[in-house]
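Notes follow the structure.
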Amino acid sequence: MGALVSAFWLLKSEPDVYGLDELERAGEGVWEGVRNYQARNFMRAMRTGDLFLFYHSNAKPSGVAGVGRIVREAYPDPFQFDPKSKYYDPASLASDPRWSAVNVGFVERFPRVISLEELKAHPGLVGMAVVQKGTRLSVTPVSAEHFERVVAMGRFGG
DNA sequence: GCCAACGTTGGC
DNA sequence: GCCAACGTTGGC
(Lines give C-alpha, C1' and ligand atoms only; values in the text may rest on other atoms or scores of the structure.)
Protein backbone atom coordinates (compact mmCIF):
# COMPACT_ATOMS: atom_id res chain seq x y z
CA MET A 1 0.00 0.00 0.00
CA GLY A 2 1.85 3.07 1.21
CA ALA A 3 5.19 1.47 0.47
CA LEU A 4 4.53 1.43 -3.24
CA VAL A 5 5.95 4.35 -5.14
CA SER A 6 3.16 5.54 -7.38
CA ALA A 7 4.53 8.75 -8.84
CA PHE A 8 7.47 11.11 -9.11
CA TRP A 9 7.59 14.86 -8.78
CA LEU A 10 9.90 17.85 -8.81
CA LEU A 11 9.52 20.47 -6.10
CA LYS A 12 11.22 23.85 -6.27
CA SER A 13 12.31 25.88 -3.30
CA GLU A 14 14.74 28.68 -2.72
CA PRO A 15 17.41 27.20 -0.44
CA ASP A 16 17.65 30.51 1.43
CA VAL A 17 14.03 29.98 2.43
CA TYR A 18 13.82 26.21 2.68
CA GLY A 19 16.49 23.91 1.31
CA LEU A 20 17.53 20.28 1.35
CA ASP A 21 19.97 21.05 4.19
CA GLU A 22 17.09 21.98 6.45
CA LEU A 23 15.06 18.91 5.47
CA GLU A 24 18.07 16.68 6.10
CA ARG A 25 18.62 18.19 9.54
CA ALA A 26 15.00 17.92 10.57
CA GLY A 27 14.28 14.65 8.77
CA GLU A 28 10.79 15.85 7.97
CA GLY A 29 9.20 19.13 6.99
CA VAL A 30 6.10 20.90 5.73
CA TRP A 31 5.85 21.95 2.09
CA GLU A 32 3.66 25.01 2.37
CA GLY A 33 3.18 28.37 0.74
CA VAL A 34 2.25 27.10 -2.72
CA ARG A 35 -0.13 29.69 -4.15
CA ASN A 36 -0.66 28.51 -7.69
CA TYR A 37 -3.66 26.40 -8.62
CA GLN A 38 -1.89 24.08 -11.00
CA ALA A 39 0.85 23.38 -8.48
CA ARG A 40 -1.76 22.88 -5.77
CA ASN A 41 -3.62 20.36 -7.88
CA PHE A 42 -0.44 18.37 -8.34
CA MET A 43 0.12 18.46 -4.59
CA ARG A 44 -3.34 17.08 -4.03
CA ALA A 45 -2.51 14.21 -6.37
CA MET A 46 0.56 13.23 -4.32
CA ARG A 47 0.44 9.99 -2.40
CA THR A 48 2.39 8.85 0.62
CA GLY A 49 5.61 7.25 -0.58
CA ASP A 50 5.89 9.28 -3.77
CA LEU A 51 9.44 10.47 -4.36
CA PHE A 52 10.46 13.90 -5.57
CA LEU A 53 13.51 15.72 -6.88
CA PHE A 54 14.39 18.56 -4.51
CA TYR A 55 15.22 21.49 -6.78
CA HIS A 56 16.98 24.59 -5.51
CA SER A 57 15.87 27.73 -7.34
CA ASN A 58 17.54 31.13 -7.15
CA ALA A 59 20.68 29.31 -6.08
CA LYS A 60 24.27 29.09 -7.26
CA PRO A 61 23.85 27.03 -9.20
CA SER A 62 20.13 26.33 -9.44
CA GLY A 63 19.52 22.62 -9.78
CA VAL A 64 18.54 19.32 -8.21
CA ALA A 65 20.19 18.75 -4.84
CA GLY A 66 18.69 15.42 -3.84
CA VAL A 67 15.58 13.36 -3.23
CA GLY A 68 12.69 13.59 -0.80
CA ARG A 69 9.56 11.62 -0.11
CA ILE A 70 5.93 12.50 0.53
CA VAL A 71 5.11 11.42 4.07
CA ARG A 72 1.72 13.08 4.51
CA GLU A 73 -0.83 13.72 1.80
CA ALA A 74 -2.41 17.11 1.14
CA TYR A 75 -4.15 18.94 3.98
CA PRO A 76 -5.15 22.60 4.36
CA ASP A 77 -2.11 24.89 4.47
CA PRO A 78 -2.47 26.59 7.87
CA PHE A 79 -0.73 29.78 6.74
CA GLN A 80 -3.58 30.73 4.43
CA PHE A 81 -5.63 31.59 7.56
CA ASP A 82 -2.87 33.46 9.38
CA PRO A 83 -3.15 37.24 8.79
CA LYS A 84 0.45 37.68 9.91
CA SER A 85 1.81 35.25 7.33
CA LYS A 86 3.04 36.30 3.93
CA TYR A 87 1.02 33.35 2.66
CA TYR A 88 -2.23 34.70 4.15
CA ASP A 89 -5.16 34.50 1.74
CA PRO A 90 -8.17 36.48 2.99
CA ALA A 91 -10.33 34.95 0.26
CA SER A 92 -9.79 31.40 1.44
CA LEU A 93 -12.67 29.99 3.49
CA ALA A 94 -12.19 27.69 6.47
CA SER A 95 -15.12 25.68 5.14
CA ASP A 96 -13.40 25.31 1.78
CA PRO A 97 -9.65 25.88 2.11
CA ARG A 98 -8.08 27.02 -1.10
CA TRP A 99 -4.46 25.99 -0.51
CA SER A 100 -2.85 22.72 0.47
CA ALA A 101 0.34 21.59 2.15
CA VAL A 102 2.05 18.18 2.22
CA ASN A 103 4.68 16.82 4.59
CA VAL A 104 7.97 15.68 3.18
CA GLY A 105 10.79 13.48 4.41
CA PHE A 106 14.50 13.40 3.64
CA VAL A 107 15.71 10.56 1.40
CA GLU A 108 19.12 11.43 0.01
CA ARG A 109 21.51 14.19 -0.85
CA PHE A 110 23.48 13.92 -4.08
CA PRO A 111 27.26 14.33 -3.86
CA ARG A 112 26.77 17.37 -6.08
CA VAL A 113 23.98 19.57 -7.36
CA ILE A 114 22.80 18.71 -10.87
CA SER A 115 22.62 22.19 -12.37
CA LEU A 116 19.82 23.39 -14.61
CA GLU A 117 22.42 23.79 -17.33
CA GLU A 118 23.26 20.09 -17.09
CA LEU A 119 19.61 19.09 -17.05
CA LYS A 120 19.02 21.15 -20.19
CA ALA A 121 22.04 19.67 -21.92
CA HIS A 122 21.03 16.05 -21.31
CA PRO A 123 19.26 14.61 -24.37
CA GLY A 124 17.46 12.09 -22.17
CA LEU A 125 15.61 14.82 -20.29
CA VAL A 126 13.89 16.53 -23.20
CA GLY A 127 10.31 17.31 -22.29
CA MET A 128 10.92 17.52 -18.56
CA ALA A 129 8.99 20.55 -17.29
CA VAL A 130 11.88 22.15 -15.41
CA VAL A 131 14.02 22.41 -18.56
CA GLN A 132 11.28 23.99 -20.64
CA LYS A 133 11.57 27.69 -21.23
CA GLY A 134 9.06 29.71 -19.33
CA THR A 135 7.99 26.92 -16.97
CA ARG A 136 7.89 28.49 -13.56
CA LEU A 137 5.65 25.97 -11.85
CA SER A 138 7.09 25.05 -8.47
CA VAL A 139 5.46 21.62 -8.44
CA THR A 140 5.57 19.38 -11.51
CA PRO A 141 5.14 15.69 -12.24
CA VAL A 142 8.22 13.82 -13.48
CA SER A 143 8.21 10.58 -15.48
CA ALA A 144 9.82 7.51 -13.90
CA GLU A 145 12.37 7.54 -16.70
CA HIS A 146 13.38 11.16 -16.10
CA PHE A 147 13.43 10.67 -12.36
CA GLU A 148 15.75 7.67 -12.56
CA ARG A 149 17.99 9.48 -15.02
CA VAL A 150 18.43 12.51 -12.78
CA VAL A 151 19.10 10.32 -9.75
CA ALA A 152 21.75 8.44 -11.75
CA MET A 153 23.34 11.75 -12.71
CA GLY A 154 23.32 12.87 -9.10
CA ARG A 155 24.87 9.68 -7.75
CA PHE A 156 27.33 8.84 -10.46
CA GLY A 157 28.00 12.05 -12.27
CA GLY A 158 26.24 11.38 -15.32
C1' DG B 1 19.01 44.02 -10.06
C1' DC B 2 17.02 43.17 -14.61
C1' DC B 3 13.56 41.40 -17.21
C1' DA B 4 11.03 37.59 -19.84
C1' DA B 5 7.40 34.65 -19.06
C1' DC B 6 3.16 33.92 -17.49
C1' DG B 7 -0.66 33.76 -13.91
C1' DT B 8 -4.24 36.61 -11.73
C1' DT B 9 -7.22 40.48 -11.18
C1' DG B 10 -10.58 43.61 -12.28
C1' DG B 11 -12.78 47.17 -15.32
C1' DC B 12 -15.73 47.22 -18.86
C1' DG C 1 -15.62 37.15 -21.73
C1' DC C 2 -11.89 40.20 -23.24
C1' DC C 3 -7.71 42.08 -22.19
C1' DA C 4 -4.66 45.59 -19.97
C1' DA C 5 -2.45 46.18 -15.78
C1' DC C 6 -0.20 44.23 -12.31
C1' DG C 7 2.32 40.76 -9.50
C1' DT C 8 5.37 36.84 -9.16
C1' DT C 9 8.81 33.53 -10.52
C1' DG C 10 13.24 32.54 -11.36
C1' DG C 11 17.30 32.49 -14.61
C1' DC C 12 20.93 35.23 -15.50
Side-chain angles (χ1 to χ4, degrees), chain A residues 7-26 29-46 50-70 74-104 106-143 145-147 149-155 157-158:
Chain A
F8 302 97
W9 310 92
L10 181 143
L11 302 186
K12 290 182 188 174
S13 181
E14 300 190 25
D16 290 347
V17 179
Y18 184 71
L20 187 61
D21 285 355
E22 196 174 335
L23 177 58
E24 183 173 17
R25 267 199 304 276
V30 179
W31 206 278
E32 41 80 13
V34 170
R35 295 291 180 269
N36 171 284
Y37 289 106
Q38 221 182 328
R40 180 207 67 183
N41 292 342
F42 286 137
M43 287 175 80
R44 289 181 177 179
M46 291 173 177
D50 285 0
L51 296 174
F52 66 90
L53 300 170
F54 199 127
Y55 181 92
H56 284 170
S57 59
N58 272 321
K60 291 175 183 177
S62 292
V64 177
V67 176
R69 183 195 308 277
I70 306 304
Y75 59 96
D77 181 342
F79 291 98
Q80 68 194 305
F81 302 122
D82 178 0
K84 293 186 292 293
S85 170
K86 67 178 280 202
Y87 298 123
Y88 178 57
D89 182 353
S92 183
L93 305 172
S95 57
D96 183 20
R98 181 177 286 182
W99 306 114
S100 298
V102 295
N103 287 8
V104 296
F106 177 80
V107 174
E108 76 173 281
R109 160 190 302 287
F110 295 152
R112 64 196 187 89
V113 170
I114 312 307
S115 70
L116 180 60
E117 187 182 12
E118 263 184 275
L119 297 173
K120 284 179 173 171
H122 199 299
L125 298 178
V126 170
M128 197 177 171
V130 74
V131 304
Q132 274 163 7
K133 191 179 178 184
T135 300
R136 298 171 311 164
L137 259 194
S138 62
V139 180
T140 53
V142 174
S143 72
E145 186 186 5
H146 287 167
F147 182 87
R149 199 158 278 153
V150 174
V151 169
M153 291 165 79
R155 288 177 183 162

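The model shown is predicted, which means the values in this text are computed figures rather than measured ones.
- Here the side chain of A/D77 pairs a donor or acceptor atom with the backbone of A/G33 at under 3.5 angstrom.
- Straight-line distance from the CG atom of A/N36 to the C1' atom of C/dT8: 10 Å, rounded to whole Å.
- Using cut-offs of 30° and 60° on the angle between ring planes, the pair A/F42 and A/W9 is tilted.
- For A/K133, counting side-chain heavy atoms from C-beta on, the closest listed nucleotide (C/dG10, B/dA5, C/dC12) is B/dA5.
- When ring centroids are compared, A/W99 and A/Y75 stay outside the 6.0 Å threshold.
- Within a 6.0 Å radius of CD in A/E117, no more than 12 heavy atoms belonging to other residues, nucleotides or ligands are found.
- Put simply, CG on A/D16 is 15 Å from P on C/dT9, counting in whole angstrom units.
- Put simply, CG on A/L119 is 11 Å from P on C/dC12, counting in whole angstrom units.
- In this model, the phosphate group of C/dG10 is not approached by any side-chain N or O of A/S62 to a distance below 4.0 Å at OP1 or OP2.
- Between A/H56 atom NE2 and C/dG11 atom P there is a gap of 12 Å when expressed in whole angstrom units.
- As rounded to whole Å, 16 Å separates atom C1' of B/dC6 from atom OH of A/Y37.
- Within the nucleic acid shown, A/K120 comes within 4.0 Å of sugar-phosphate atoms alone, with no base atom in reach, counting heavy atoms only.
- At C/dT9, none of the side-chain N or O atoms of A/K12 fall inside 4.0 Å of OP1 or OP2 (strictly under the cut-off).
- Taking atom CG of residue A/N41 and atom P of nucleotide B/dG7, one finds them 13 Å apart after rounding to whole Å.
- Looking at A/R136, its side chain comes within 3.5 Å of the base of C/dT8 through a donor and an acceptor atom.
- Going from atom CG of A/N58 over to atom P of B/dG1 covers 13 Å, rounded to whole Å.
- One interatomic measurement links the two molecules: CD of A/Q38 to P of B/dG7, which rounds to 7 Å at whole-angstrom precision.
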